[in-house]
Amino acid sequence: MALWRAYQRALAAHPWKVQVLTAGSLMGLGDIISQQLVERRGLQEHQRGRTLTMVSLGCGFVGPVVGGWYKVLDRFIPGTTKVDALKKMLLDQGGFAPCFLGCFLPLVGALNGLSAQDNWAKLQRLWPAVQLANFYLVPLHYRLAVVQCVAVIWNSYLSWKAHRL
């Protein structure tokens, strides 16, 4: 609980920095989980550069882009009712997600050699439900962290898929 309170204080004092660092940290965690629990590389065989790439993607691209989008979306559709959450999810999935994925997947593909087509199919099944709950249940300043926590699983899969021999 002390760690959670410290996170909340940091988030209140420096929301943008903390959200971006959270995104990068959780993307890195996804890669660590992939390498250690899925691929069972062990600490000696852990590819630090690969983890750093995922952290960099989180801090340099995912955090700023998604965090900025959430701010714009909350100004465009203020409120937290069920209808507001549904509107946000529809706009997010219908407008933002295709644009974001159109940038993110080629970037990941360029860095890791992944198939954008495979990633797109997986994301289409997962994200609408996550986003509906996120927009309905989660206050704005926690949304990026919630999505990134869910994304740890996705990032683990991406990292595993990207680095499978």
Side-chain angles (χ1 to χ4, degrees), residues 3-4 6-35 47-80 84-85 87-114 116 119-120 122-124 126-163:
L3 184 60
W4 177 246
Y7 179 80
Q8 288 179 308
R9 282 191 304 274
L11 188 59
H14 306 284
W16 187 249
K17 290 177 188 175
V18 171
Q19 288 181 38
V20 167
L21 290 173
T22 299
S25 298
L26 292 172
M27 287 192 72
L29 179 60
D31 180 69
I32 291 168
I33 290 169
S34 175
Q35 289 193 53
Q47 297 174 340
R48 290 175 185 87
R50 175 177 143 180
T51 300
L52 184 58
T53 297
M54 295 300 281
V55 169
S56 298
L57 278 169
C59 290
F61 182 74
V62 175
V65 172
V66 176
W69 166 243
Y70 286 165
K71 288 180 181 180
V72 168
L73 188 58
D74 219 52
R75 274 185 252 146
F76 187 66
I77 305 171
T80 58
D84 294 331
K87 288 178 186 177
K88 288 175 186 179
M89 186 274 295
L90 291 172
L91 189 55
D92 180 72
Q93 293 302 296
F96 176 75
C99 297
F100 176 77
L101 291 173
C103 297
F104 179 75
L105 293 177
L107 179 59
V108 170
L111 294 172
N112 296 317
L114 292 178
N119 292 332
W120 177 246
K122 297 275 186 191
L123 280 172
Q124 282 179 310
L126 173 66
W127 288 112
V130 170
Q131 290 296 65
L132 182 59
N134 197 26
F135 292 133
Y136 181 61
L137 300 172
V138 179
L140 173 62
H141 57 282
Y142 292 119
R143 287 183 190 152
L144 180 58
V146 167
V147 165
Q148 286 303 302
C149 285
V150 172
V152 165
I153 296 165
W154 177 245
N155 295 335
S156 298
Y157 168 78
L158 282 179
S159 184
W160 170 75
K161 181 82 170 165
H163 299 95

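Every value quoted in this text rests on a predicted model; they were computed, and no experiment measured them. If you read the sequence from its start, that first residue is 1, and numbering goes on from there.
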| request: Would you check if the side chain of Gln35 reaches a backbone N or O of Gln47 as a donor-acceptor pair within less than 3.5 Å? | output: yes
| field | Residue pair Phe135 / Arg143: nearest heavy atoms and the distance that separates them | value | O-NH2, 3.7 Å
| said: Is it the case that the side chain of Ser34 and the backbone of Gly30 share a donor-acceptor pair, with hydrogens and angles ignored and the cut-off at 3.5 Å? | reply: no
| query | Which atoms form the tightest heavy-atom contact between Val62 and Met27, and what is the distance? | reply | CG2-SD, 3.6 Å
| said: If I take atom OG1 from residue Thr22 and atom CG from residue Leu11, how far apart are they, to the nearest 0.5 angstrom? | reply: 7.0 Å
| For Ala23 and Gly63, which heavy atoms make the closest approach, and how far apart are they? | CB-CA, 3.6 Å
| request: State, yes or no, whether a side-chain contact exists between Lys71 and Trp16 at a heavy-atom distance under 4.5 Å. | output: yes
| query | Which residue, Leu91, Leu144, Asp74, forms the side-chain contact (heavy atoms from CB on, under 4.5 Å) with Trp69? | reply | Leu91
| field | Nearest atoms (heavy-atom pairs only) where Val55 meets Gly28 | value | CG2-CA, 3.5 Å
| task | Output, in order, the C-alpha distance, side-chain angles, deciding distance and verdict of side-chain contact (heavy atoms from CB on, under 4.5 Å) for Phe96 and Val66. | result | CA-CA 9 Å; Phe96 176 75; Val66 176; 4.3 Å; yes
| query | What are the two closest non-hydrogen atoms of Gln131 and Asp92, and how far apart are they? | reply | NE2-OD2, 3.0 Å
| message | Which heavy atom of Gly58 sits nearest to which heavy atom of Pro64, and what is that distance? | response | O-CD, 3.9 Å
| said: For Tyr142 and Tyr70, I'd like to know if the aromatic rings sit close, meaning centre-to-centre distance below 6.0 Å. | reply: no
| query | Roughly how far, to the nearest 0.5 Å, is the CG atom of Leu132 from the CD atom of Gln93? | reply | 9.5 Å
| query | To the nearest 0.5 Å, how far apart are CE in Met54 and CG in Leu26? | reply | 11.5 Å
| So, does Lys88 use its side chain to make a donor-acceptor pair with the main chain of Ile77 at under 3.5 Å? | yes
| Does some side-chain heavy atom of Cys59 sit less than 4.5 Å from a side-chain heavy atom of Leu21? | yes
